[in-house]
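For reference, the structure is listed below as structure tokens.
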Amino acid sequence: MPSLSFTAALILQAIRTGYRYGFDIMETAGLPSGTVYPALRRLEQQGLIQSSWEEEARAAAEQRPPRKYYRVTNDGKEALKVAGERYGLLQRLAKGTKLEVR
Amino acid sequence: MGAYSLRTVLFWCQQVVRVASWIVPQNQRGEWRKEWNSEVWHWIHFLVESDRLTVSSEMELMRHCWGSFADALWHRFNRQTVLEFVQEKPQSPSFLLLCCGLTLLIVLVAAPRGSLKSLLESPSYTNPEELLIVSLDQNKDWAAPEFLRDAGIALIKAQNSIAAQGAYAYRPNELRGPAGSEHIKSARVTPGLFSMLGVRPVLGTSFDSGVNAECSDCVVISDGIWADQFHRSPRAIGETLLLHGERVRVIGVMPAGFQLTETGISIFSVFRGTNTPLPRYEWGVLMLRLHPPEQPEKLYNPVTTFLAMAGGFDSGVRLNVESFRDRTRFAIETYGMVAFLALLVVLAADRRNCSLIFRTAPRDLMSATKWYGFFTAKLLLLLAVACMTTLALARELMRAGPKFTEGSAGIVTVWLWFVGCVPAVLWTTHDQLARCRRCLRRMTIQLDLAATGRSFLENAGTELVCSSGHGALHVPLLESGTLDHERWAELDSSWMAVSGIRS
């Protein structure tokens, strides 16, 4: 299992908590786009998250472009559990405590 | 916030994303752009709908859009690949050769104009192979320059094979001009010297015309002086300079790169008067142009004999009679000999390491060819760098002051070349020893085998292991002829797996 950096673990935790697309994750984690998006690619490459496009029809009905959503895989959950033991702040996020990263 | 602002922000954000998308590989570009455009669209609409689209949030949005470049770069250059490249590329033999090549290129570009030209090209004279040069050994002999000038006139009458002749006498001098004073080398030349060499001034005239041939205060300046004193202004013609305290007038400018056989002369006046020369202060050189089919080498003896019989110098004075071919050959021989000498010095001083190059070389033909080929290529490139640096330095030294005559500059150049060759050979040897005998990558894994308790087993020392698992070089702490010595050991394929399999 790959070891996670704090940033990667934070992003993973944000997705787990329910923030499922790039902008939402940035807002929650307080990280810049230049960090979040490459981290998402890396996590996806490592098999810790999976992405899927929203249904076109649904997006079209709401007159907006479709979104790409991310979800944590089982491996991601395992990695997050290990990372959670290492990074105390993640536990606070998991419990819904507001983060003050910036 | 109106629809105009919304459209404008969206437009600019999309343009930033569009530019960044050019970095993304083509097969991923479409989806990548779709995701970013969607993110930007939702982002802006969220800000508008929540009435948060202000100037500061616009700026923040733009800043986030710039983040698309980082994301795009990640797609193009995977972090893992980049890290591997940064860590491993410098160890590869091709990287080292590339660095050496680039260094050579930088030296070639940065070297003063003419350094390379002086090495690779003949002087800018017409048919230099037809020229014969008569000079004196500056360390031993001296003769009045007027003697060589007059002997040249007499020679052309005596020898049918000589088509034309010209002479010059050079000395250190002081020049004062609009840009200040400088120490230079000046020369008195016979009126027909430049036309005999086939060189014309780029500006003004020289001493060929009847009026100028007799002009006592006329001078022709080199391109360097033209640049230094007159910033290459065409108005330099007719301007006055002080040469050794005497007022002289500029009548012409010689082309860039032009030099006489004695290099570094930057101002030329006409050979005139019969001032009593100061011995060993002004040195004469005679140049003879032969009729085309004539070989310069055939005239060495007749010219030497004629000049000896002319009797203008003390007995025992030795004249150097040579052609340009001789000069080139002599320079190549000297440089080659010095490089060989440097190699011998290094072999003697560092014989342990030098012998290791051969003793630990791979045994099979393919690997051995690569091993020695790489060593030779690296050595030649570094020697070329040393050679070019030497030439550039020597040229700068000659320009720096009049104290360097051609003879002394030659000695300095050869010495600098020697000094440059030694580290080049030493470094090449040391670098070669630290490389894998199979893949030629530098061996970065170093194991210390110097456990005190084991030293009696005679295997204490250092082991350099190839990171690709090809082999290990054992370097003993104490070398004993019978018990332990440096050796290269090929590792089996199981080591490749340990080090991540890179063939």
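In what follows, chains carry the letters A, B, and so on, assigned in the order in which the sequence lines appear, proteins first and then strands, with residues in each chain numbered from 1.
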If you round to the nearest 0.5 Å, how far is [atom2] of [Y] from [atom1] of [X]?
X	Y	atom1	atom2	value
A:Glu27	B:His64	CD	NE2	7.0 Å
B:His45	A:Arg64	NE2	CZ	11.0 Å
B:Trp43	A:Tyr21	CH2	OH	11.5 Å
B:Glu39	A:Ile25	CD	CD1	8.0 Å
B:Leu47	A:Phe23	CG	CZ	5.5 Å
A:Thr35	B:Trp74	OG1	CH2	14.0 Å

Heavy-atom neighbours of [X] [atom1] exceed 12 at 6.0 Å:
X	atom1	value
A:Glu55	CD	no
B:Trp41	CH2	yes
A:Arg16	CZ	no

Measuring only between side-chain heavy atoms, which start at C-beta, is A:Ser33 closer than 4.5 Å to B:Trp36? yes

Give a yes/no verdict on a cation-pi contact between B:Lys34 and A:Trp53, requiring under 6.0 Å between NZ or CZ and the six-membered ring centre and an angle within 45° of the axis.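 The answer is yes; both the distance and angle limits are met.
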
Can you tell which part of B:Phe69 gets under 4.5 Å to a heavy atom of chain A, answering side chain, backbone, both or neither?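 Contact with chain A: none, neither part.
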
For A:Lys68, is there an ion pair with B:Glu31 - N to carboxylate O distance below 4.0 angstrom?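 Result for this pair is yes, salt bridge flagged.
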
Looking at every heavy atom in both A:Pro65 and B:Ser38, which two are closest together, and how far apart are they? CG-CA, 4.1 Å

Using the side chain to side chain contact (heavy atoms under 4.5 Å, CB included) rule, take B:His75 and A:Tyr37 through it: C-alpha gap first, then chi angles, then the decisive distance, then the call. CA-CA 10 Å; B:His75 276 78; A:Tyr37 287 96; over 6 Å; no

